[in-house]
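Below: the structure, in structure tokens.
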Amino acid sequence: MSTATVTRAEYCVIACAEAWRDNGEVLASPMGLIPSFGARLAKRTFSPDLLLTDGEAMLVGLDGTAEGWLPYRRHLTMVTGGRRHVMMGASQIDRYGNQNISCIGDWERPARQLLGVRGAPVNTLNNPVSYWVPKHSPRVFVERVDMVSGVGYDRAEAAGVTRYHRLPRVVSDLGVFDFAGPGRSMRLASVHPGVTTDQVRAATGFELALSGEGEVPCTREPTEHELRLIREVIDPKGLRDREVRG
């Protein structure tokens, strides 16, 4: 398959799907369009045991048909025992994975009010959390977040709450990142085809560690089967290309 036939958005779907590889029977909680396509692709291919929900109270099948009831107490049990893998967004994220979705600027007089911390602290301390950033920029990837909503590796370790804390990956429209850098700092694991390492560095507000001794690999190619599923089954309307262009 020629890389020219695969869009940037489709590489992002593949990269998001890979977050749930080998997770087993856990509750996949994607927040956002491309993460939801990624979770559905993972379940249809290499992670068939994933549990999908309607976001409220029901477990659903691949076609969205309700398959079971997920009462709130059961949901909380899964959340607090590491049996859920969330993929959240981030208005800001730093080198150790601290995430901000609450406010921009000083807490006493913020320049912008956002969602609030919501469930981010509980999510990050009690089950794996990955992140999706559709527009990679130095305003998002910052040296220090203005407020900690989701807890990063440095703060989790300092607080001694690491039993279920895990940040498997960050996916942006430029590449894929993990936390295998020095001191569990963010590392550039792969770049999407057509993106250079220098582009990623220029769009990041802190120094990134690099995988592959500086020769950062490209995000993996989708198989023909995966590409058909994305285009014909999961997202036949092409909504993915509205979120990630180019």
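These numbers come from a predicted model, not from an experiment. This chain uses plain numbering: 1 for the first residue, then up along the sequence.
- Side-chain contact check for M31 versus V86: some heavy-atom pair is nearer than 4.5 Å.
- By the 4.5 Å heavy-atom criterion applied to side chains, P30 and W20 are counted as neighbours.
- R40 is listed as a side-chain neighbour of I234, based on a closest heavy-atom distance under 4.5 Å.
- Considering only heavy atoms from C-beta on, L33 comes within 4.5 Å of L239 through its side chain.
- Taking the side chain as every heavy atom from C-beta outward, N100 and I93 never approach each other to under 4.5 Å.
- Looking at L227 and V6, their side chains come closer than 4.5 Å, going by heavy atoms from C-beta outward.
- Among pairs with a residue in residues 133-173, those fulfilling ring-ring contact (aromatic ring centres under 6.0 Å, His included) read H136-F141, H136-F177, F141-F177, Y153-H165, Y153-F179, at least two apart in sequence or across chains.
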Give the intermediate values and the outcome of side chain to side chain contact (heavy atoms under 4.5 Å, CB included) for residues V13 and L41.
CA-CA 8 Å; V13 172; L41 179 65; 4.2 Å; yes
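- N98 and R144 form no side-chain donor-acceptor contact under 3.5 Å, judged by distance and modelled atom types alone.
- Residues P217 and S211 meet the side-chain proximity criterion, which asks for heavy atoms closer than 4.5 Å.
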E10 vs R231, test: salt bridge (Lys or Arg N to Asp or Glu O under 4.0 Å). Steps then yes/no.
CA-CA 9 Å; E10 288 162 346; R231 294 176 175 179; 2.8 Å; yes
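- Under a 3.5 Å cut-off, the side chain of E243 and the backbone N or O of R240 do not form any donor-acceptor pair.
- The side-chain contact (heavy atoms from CB on, under 4.5 Å) with V129 is formed by just one residue from the set Q99, R166, M88; it is M88.
- Within the 4.5 Å cutoff, the side chain of M147 has heavy atoms near those of the V117 side chain.
- Ion pairing between a basic and an acidic side chain is recognised when a charged N comes within 4.0 Å of a carboxylate O; R169 and E18 show no such pairing.
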Run the side chain to side chain contact (heavy atoms under 4.5 Å, CB included) check on N123 and R84 step by step: do they pass?
CA-CA 9 Å; N123 287 343; R84 182 173 74 153; 2.4 Å; yes
